[in-house]
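The structure appears right after this line, and notes come after that.
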Amino acid sequence: MSIFNRIAKSLAFRSKALFAVLFMNGEKLGRFFSRAEIQDVVGWSNFFQTVPGVRVWEGGPPAYSLALSRSPESPLSTELDVINLMYDLSRFLKARTVIEVGIYKGACSLAIAQALKDNGGGTVHCVDISDAFFSPIAAAVKELGGGVDAQFLHGDSAAIAAAGKLPNANLIFIDADHSYAGVRKDVDEYWPLLMPGGALVLHDSIMWEGVRKTAAELFAAGLPVISLATSGGSGVTLVFKPLAKE
């Protein structure tokens with residue numbers, strides 16, 4: 001059974017939670033799930049923690065990556081469960097090259113870098129319209145060692161991809177312009193860079209209409225797509241690039 005089918009089957013018991021995410025404000029989710037007696041609110045959107053036999057590796061994101069996760073003091077940061085998901089997805093794909101579009105403080109960048117180290121080395125390419133956090137992220141990745149490198153590209157994300165400044169990648173994480181025009185353009189420019197068998201991940205695919213519409217279009221186009229509700233209610237969508245037919 002393919003990983004896509006295994007993931008889909010494992011999520012059947014979460015239908016009640018997904019319904020809640022679609023119709024409730026994300027800030028209320030913690031209280032809702034407590035009443036529903038769902039014990040693990042933070043980790044439930046990471047299917048690697050729930051699909052039997054899939055997570056066959058040890059390790060996880062470094063502590064300083066997890067410390068940068070979403071909180072009342074940092075509401076724009078990535079949710080803790082998504083940080084863990086990006087680590088595990090990088091490990092599952094045996095990724096050596098990852099592109100992250102929209103890095104903010106680098107919570108996912110550092111989780112991905114740790115995964116690349118645990119995979120034997122590789123490069124995370126960080127693309128952002130702001131370079132405010134490039135230096136601390138670069139220092140943290142350098143401290144990891146283990147054959148891991150971080151490359152930083154400052155500017156418009158779609159223009160950077162169109163200019164041929166990036167390599168092909170096993171995994172691409174897009175969390176930048178959330179307007180429909182912006183995210184659709186990013187997908188169109190970055191999809192050709194994704195290697196067959198790899199995954200493109202869209203963050204905020206439930207809460208933001210532009211990302212949600214783009215994810216729906218990719219599903220309608222016949223691509224293997226799965227959307228997961230996250231602990232913060234933002235949502236994340238995984239789009240898998242089929243292997244080339246022989």
Side-chain angles (χ1 to χ4, degrees), residues 1-11 43 45-62 65-66 78-103 106-127 141 144 146-151 161 166-176 186-187 189-203 205 215 218-219 223-228 230 235-246:
M1 181 182 295
S2 71
I3 181 61
F4 179 75
N5 290 333
R6 293 174 71 181
I7 294 167
K9 290 187 69 175
S10 76
L11 296 173
S45 70
N46 184 2
F47 54 81
F48 288 102
Q49 297 177 350
T50 59
V51 181
V54 173
R55 198 181 196 281
V56 294
W57 50 84
E58 300 292 332
S65 169
L66 300 177
T78 306
E79 305 98 310
L80 184 62
D81 46 315
V82 176
I83 295 170
N84 281 291
L85 173 63
M86 293 308 299
Y87 172 87
D88 283 333
L89 188 57
S90 299
R91 295 298 310 276
F92 173 77
L93 293 171
K94 298 181 173 62
R96 291 303 185 101
T97 305
V98 180
I99 299 172
E100 184 182 9
V101 184
I103 64 171
C108 279
S109 311
L110 298 176
I112 291 167
Q114 179 67 58
L116 293 175
K117 177 181 178 180
D118 296 342
N119 285 345
T123 302
V124 54
H125 297 265
C126 303
V127 180
V141 172
L144 276 178
V148 179
D149 182 37
Q151 297 292 322
L166 289 161
N168 291 340
N170 309 107
L171 174 62
I172 299 175
F173 182 40
I174 297 179
D175 189 14
D186 277 342
V187 168
E189 293 293 349
Y190 282 87
W191 182 257
L193 297 176
L194 185 65
M195 297 179 189
L200 182 145
V201 181
L202 300 174
H203 193 217
S205 57
L218 296 172
F219 178 77
L223 292 168
V225 175
I226 185 166
S227 290
L228 308 170
T230 61
V236 65
T237 292
L238 285 70
V239 188
F240 298 94
K241 194 167 196 175
L243 293 169
K245 295 181 179 180
E246 297 182 356

Search all heavy atoms of [X] against all heavy atoms of [Y] and return the closest pair with its distance.
X	Y	value
H203	D175	ND1-OD2, 3.1 Å
Y190	I99	CE2-CG2, 3.8 Å
H125	P167	NE2-CG, 3.4 Å
S65	A107	OG-O, 2.5 Å
L89	A199	CD2-CB, 4.3 Å
T78	I83	O-CD1, 3.8 Å

Next on the checklist: Counting C-beta onward and ignoring hydrogens, is there a side-chain heavy-atom pair between L238 and L202 closer than 4.5 Å?
Outcome noted: no
Checklist entry - Are V201 and L171 side-chain neighbours, meaning at least one heavy-atom pair lies under 4.5 Å? => result yes
Item to check | K117 side chain vs G147 backbone, donor-acceptor pair below 3.5 Å | outcome: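 Answer holds: no.
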Item to check | side chain to side chain contact (heavy atoms under 4.5 Å, CB included) evaluation trace for V148 with T123 | outcome: CA-CA 6 Å; V148 179; T123 302; over 6 Å; no
Next on the checklist: If the condition is salt bridge (charged side-chain N to carboxylate O under 4.0 Å, His left out), which residues does R91 pass it with, not counting sequence neighbours?
Outcome noted: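 Partners of R91 under the salt bridge (charged side-chain N to carboxylate O under 4.0 Å, His left out) test: D118.
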Checklist entry - Step by step, would you call W191 with V239 a side chain to side chain contact (heavy atoms under 4.5 Å, CB included)? => result CA-CA 10 Å; W191 182 257; V239 188; 3.7 Å; yes
Checklist entry - Do W57 and F48 have ring centres separated by under 6.0 Å? => result yes
Checklist entry - Would V98 and N170 count as a side chain to side chain contact (heavy atoms under 4.5 Å, CB included) if you check the C-alpha gap in whole Å, the side-chain angles of each, and the deciding distance to 0.1 Å? => result CA-CA 6 Å; V98 180; N170 309 107; 5.6 Å; no
Checklist entry - Can you list the residues that meet the side chain to side chain donor-acceptor pair (under 3.5 Å) rule with D149, with sequence neighbours excluded? => result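 Testing D149 for side chain to side chain donor-acceptor pair (under 3.5 Å), a comparison that skips the adjacent residues, returns Q151.
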Next on the checklist: For the OG1 atom of T97 and the CG atom of L194, what is their distance to the nearest 0.5 Å?
Outcome noted: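 T97 OG1 to L194 CG: 11.5 Å, rounded to 0.5 Å.
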Next on the checklist: Just verifying a value: how many Å separate C126 SG and F173 CZ, rounded to the nearest 0.5 Å?
Outcome noted: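 Interatomic distance, C126 SG to F173 CZ, rounded to 0.5 Å: 11.5 Å.
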Item to check | Working for side chain to side chain contact (heavy atoms under 4.5 Å, CB included), residues V82 and N84 | outcome: CA-CA 5 Å; V82 176; N84 281 291; over 6 Å; no
